[in-house]
Amino acid sequence: MISRVFRAIILGPPGSGKGTISSRIVKDFKLTHLSSGDLLRAQVRGKTDAGLKASEYIERGGLVPDQLMVDLILNELKGLSSVDWLLDGFPRTVEQAKALADEVGVDSVINLKGKDDVTGELLTQRDDDKPETVLARLRAYQNLTSPVTDFYRDLDLLKEFTGTESDKIWPEVQKYLSTVVPPKS
Ligand code: AMP
């Protein structure tokens with residue numbers, strides 16, 4: 001039996017619950033989770049060329065240069081050509097989205113809109129994060145990643161969910177995905 005692969009992207013600003021929702025999606029729908037942040041941190045730990053180049057950007061909360069990021073992700077996706085996946089944290093710029101679209105088709109883009117202010121109270125902060133790093137990440141999201149949603153909206157791939165609590169957003173995401181993820185045979 002030929003089964004179709006399902007490929008999805010999840011977008012959402014810091015504090016939108018993207019981490020929580022992503023882990024529920026991959027567990028419930030048995031998708032392979034590819035997180036650009038995790039991938040980068042592994043490269044940094046392994047002191048690879050890419051990791052060494054990326055670390056200064058990560059520490060400052062800025063974005064790693066597009067070409068470096070695109071090469072890393074496309075290389076990972078090559079090994080995942082026959083599995084269902086959820087891409088998390090990539091693309092973060094329209095350039096990245098275009099480079100991905102040139103190589104791989106996606107079926108669905110989930111956008112978690114989260115809370116629409118920058119008071120900081122809803123931010124999820126990793127222990128080693130400095131406040132200025134968190135702010136820089138939010139700014140990078142606002143300036144560079146928000147336009148990515150327009151890119152996918154124009155392609156009619158965007159599915160948006162608004163809310164501040166993962167437990168409230170999750171049932172909606174789950175309901176939607178159960179209509180689009182092909183059942184496993
Ligand atoms: P994350 O764990 O997704 O918040 O990513 C942590 C950091 O890795 C970000 O603040 C960026 O510096 C970098 N990063 C992750 N994904 C990307 C991407 N798609 N493009 C550029 N930089 C990225």
Side-chain angles (χ1 to χ4, degrees), residues 7-26 31-80 85-106 108-115 118 120 122-152 155 157-158 161 166 169 173:
R7 293 156 168 179
I9 291 170
I10 187 161
L11 303 171
S16 64
K18 187 164 65 71
T20 306
I21 299 290
S22 294
S23 33
R24 292 185 189 179
I25 292 174
V26 298
L31 309 184
T32 295
H33 188 200
L34 181 58
S35 150
S36 58
D38 288 351
L39 181 62
L40 281 171
R41 284 183 285 275
Q43 299 283 324
V44 172
R45 275 196 306 275
K47 296 194 168 62
T48 64
D49 277 354
L52 293 173
K53 282 187 199 131
S55 60
E56 55 171 308
Y57 298 94
I58 300 171
E59 273 159 33
R60 284 191 272 118
L63 293 186
V64 170
D66 284 334
Q67 197 55 55
L68 177 67
M69 206 59 233
V70 165
D71 289 347
L72 269 178
I73 291 285
L74 289 183
N75 188 48
E76 287 295 308
L77 290 180
K78 253 192 244 156
L80 300 176
W85 45 248
L86 178 71
L87 191 49
D88 172 2
F90 181 98
R92 284 255 232 299
T93 66
V94 172
E95 282 311 305
Q96 293 178 12
K98 286 182 179 161
L100 179 68
D102 285 344
E103 297 292 327
V104 186
V106 298
S108 187
V109 179
I110 291 166
N111 185 30
L112 304 181
K113 294 179 82 171
K115 196 171 157 61
V118 188
L122 270 176
L123 298 185
T124 48
Q125 203 168 330
R126 284 187 281 263
D127 289 349
D128 55 346
D129 277 344
K130 300 186 219 77
E132 58 268 31
T133 309
V134 176
L135 261 183
R137 254 202 235 122
L138 267 177
R139 279 201 203 99
Y141 196 91
Q142 212 74 49
N143 297 333
L144 297 162
T145 311
S146 290
V148 174
T149 58
D150 299 329
F151 177 85
Y152 288 118
L155 294 173
L157 288 173
L158 198 69
F161 298 89
S166 298
I169 303 170
V173 174

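Ligands are counted one by one from 1 in listed order, and the atoms in each one are counted from 1 as well. Given the structure is predicted, the values throughout are model-derived calculations rather than measurements.
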Residue from Leu31, Val26, Thr32 passing side-chain contact (heavy atoms from CB on, under 4.5 Å) with Trp85: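 With Trp85 as partner, Leu31, Val26, Thr32 yield a single side-chain contact (heavy atoms from CB on, under 4.5 Å), made by Thr32.
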Sole residue of Ser35, Ser23, Ser22 in side-chain contact (heavy atoms from CB on, under 4.5 Å) with Leu86: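 Of the listed options, the one satisfying the test is Ser22.
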The one among Arg137, Arg92, Gln96 that brings a heavy atom closest to atom 5 (O) of ligand 1: Arg92
Minimum non-hydrogen distance to atom 6 (C) of ligand 1, winning option of Arg41, Glu56, Glu95: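 Ranked by closest heavy atom to atom 6 (C) of ligand 1, first place is Arg41.
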Short N or O distance, Val64 and ligand 1, threshold 3.5 Å exclusive: yes
Heteroatom proximity flag, Phe90 to ligand 1, N/O under 3.5 Å: no
What atoms in ligand 1 come closer than 4.0 Å to a heavy atom of [X]?
X	result
Gly62	11 (C), 12 (O)
Leu40	8 (O), 13 (C), 14 (N), 15 (C), 23 (C)
Met69	17 (C), 18 (C), 19 (N), 20 (N), 21 (C)

Heavy-atom closest pair, residues Ala97 and Pro91: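 It is N-CB, 3.4 Å.
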Arg7 CZ to Leu34 CG distance, which is reported to the nearest 0.5 Å: 12.0 Å
Arg60 to Tyr57 six-membered ring, cation-pi geometry met (6.0 Å, 45°): yes
Polar side chain donor-acceptor pair, Thr149 to Asn111, under 3.5 angstrom: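 Checked: Thr149/Asn111 side chains show no N/O donor-acceptor pair below 3.5 Å.
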Leu63 contact mode with ligand 1 (heavy-atom cut-off under 4.0 Å):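 Both the backbone and the side chain of Leu63 come within reach of ligand 1.
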